[in-house]
There are 2 protein chains.
Amino acid sequence: MKSDALRGHLDALLLATLDGGQLHGYAIIEALQKRSGGALDLPTGTVYPALRRLETAGLVASEWSTVGGRQRRTYRLTKAGHRALAAERTAWREFTTAIEGVLGGGPWPAQA
Amino acid sequence: MKSDALRGHLDALLLATLDGGQLHGYAIIEALQKRSGGALDLPTGTVYPALRRLETAGLVASEWSTVGGRQRRTYRLTKAGHRALAAERTAWREFTTAIEGVLGGGPWPAQA
DNA sequence: CCTGATCCGTAGAGTCCCTACCTATGAAGT
DNA sequence: ACTTCATAGGTAGGGACTCTACGGATCAGG
């Protein structure tokens, strides 16, 4: 999987991952691996800055939860985050429709 | 449509557009608009450098065809370009499968 | 001759993700 | 006690790709 392909879709992935409940960063990465069937293996240098962006944008909120003396930052969706996720899902559908209109819109001799 | 979303998929779009036959740059842009239902409106500053990349990579070939005294550079797929297009289509399917596994892989109470 | 439409192309900037690296805690081995 | 591994969070810098804005050339119409 070309990593450039994720451009502009990362936010949607993170928001969707948090849709199931609050998670901390490391768990988000693992959840993405699981849900994508192993196709997505995002490095921390991708995920943490992205979560920051989302928090700055007000789409997620984070809290420090001290678990066993270890500090884990747990992220959850805000109301705006839920709305943004819905918008991202719609945008994804439109995006795939547009691309497939081109990819599949070539010469189809069998379909005529 | 966020333009960042196209990242990494532009090559596939161009190759697919040329799959129907040779076209010149301007016609490629118009074809993309038509096939995407108007969702894709790529500026020339995006398309021409991309075509160059594809030509450098050996996926497309171009020829100057003088039509009515006007020079138009016509692009067509090479053999490697056809192979690359097939690979891009496969990659696109894997990509959407991975993303949808996450976007749709949230809490589905109705599916259990 | 001059304007508008068509067509090709370049230069520079901006965004976004990745690689590489650093810090810290807790458990387990020696 | 000390080292190593696994877990967990984070930053710095770079590179690749696309977009905005602009420039040039040819033909049709007036």
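We name chains A, B, ... by the order of the sequence lines, and we start the count at 1 in each one.
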Tell me the closest heavy-atom pair linking [X] and [Y], and the distance in Å.
{"X": "Leu51(A)", "Y": "Val60(A)", "answer": "O-CG2, 4.0 Å"}
{"X": "Leu15(A)", "Y": "Ala84(A)", "answer": "CD1-CB, 4.0 Å"}
{"X": "Leu40(B)", "Y": "Ala98(A)", "answer": "CD1-CB, 4.0 Å"}
{"X": "Ala12(A)", "Y": "Leu85(A)", "answer": "O-CD1, 4.1 Å"}

Please report the distance, rounded to the nearest Å, between [atom1] in [X] and [atom2] in [N].
{"X": "Leu10(A)", "N": "dT15(C)", "atom1": "CG", "atom2": "P", "value": "17 Å"}
{"X": "Asp4(A)", "N": "dT18(D)", "atom1": "CG", "atom2": "P", "value": "8 Å"}
{"X": "His24(B)", "N": "dA25(D)", "atom1": "NE2", "atom2": "P", "value": "19 Å"}
{"X": "Trp64(B)", "N": "dT26(D)", "atom1": "CH2", "atom2": "P", "value": "11 Å"}
{"X": "Leu54(B)", "N": "dG9(C)", "atom1": "CG", "atom2": "P", "value": "14 Å"}
{"X": "Gln22(A)", "N": "dA8(D)", "atom1": "CD", "atom2": "P", "value": "15 Å"}
{"X": "Asp11(B)", "N": "dT18(D)", "atom1": "CG", "atom2": "C1'", "value": "12 Å"}
{"X": "Leu42(A)", "N": "dC17(C)", "atom1": "CG", "atom2": "P", "value": "10 Å"}

Check this one for me: any side-chain N or O of [X] less than 4.0 Å away from OP1 or OP2 of [N]?
{"X": "Arg52(B)", "N": "dC8(C)", "answer": "no"}
{"X": "Tyr48(B)", "N": "dC8(C)", "answer": "yes"}
{"X": "Arg53(A)", "N": "dC17(C)", "answer": "yes"}

Applying side chain to side chain contact (heavy atoms under 4.5 Å, CB included) between Leu18(A) and each of Thr74(A), Leu54(A), Leu77(A), Leu59(A), report the one that passes.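 Checked Thr74(A), Leu54(A), Leu77(A), Leu59(A) against Leu18(A); only one passes side chain to side chain contact (heavy atoms under 4.5 Å, CB included): Leu77(A).
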Any N or O donor-acceptor pair linking the side chain of Thr44(A) to the base of dG10(D) at under 3.5 Å?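 Yes, the side chain and the base share a sub-3.5 Å donor-acceptor pair.
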Identified side chain to side chain donor-acceptor pair (under 3.5 Å) partner of Ser62(A) from the options His24(A), Glu55(A), Gln22(A), Arg52(A): Glu55(A)
Return the polar atom pairs (N/O with N/O) between nucleotides 11-14 of chain C and the protein under 3.5 Å, or none.
| from | atom 1 | to | atom 2 | distance (Å) |
| --- | --- | --- | --- | --- |
| dG14(C) | N2 | Arg7(B) | NH2 | 3.3 |

Should the ring pair Trp92(A) and His9(A) be called parallel, tilted or perpendicular, given that the plane angle runs from 0 to 90° and is split at 30 and 60? perpendicular
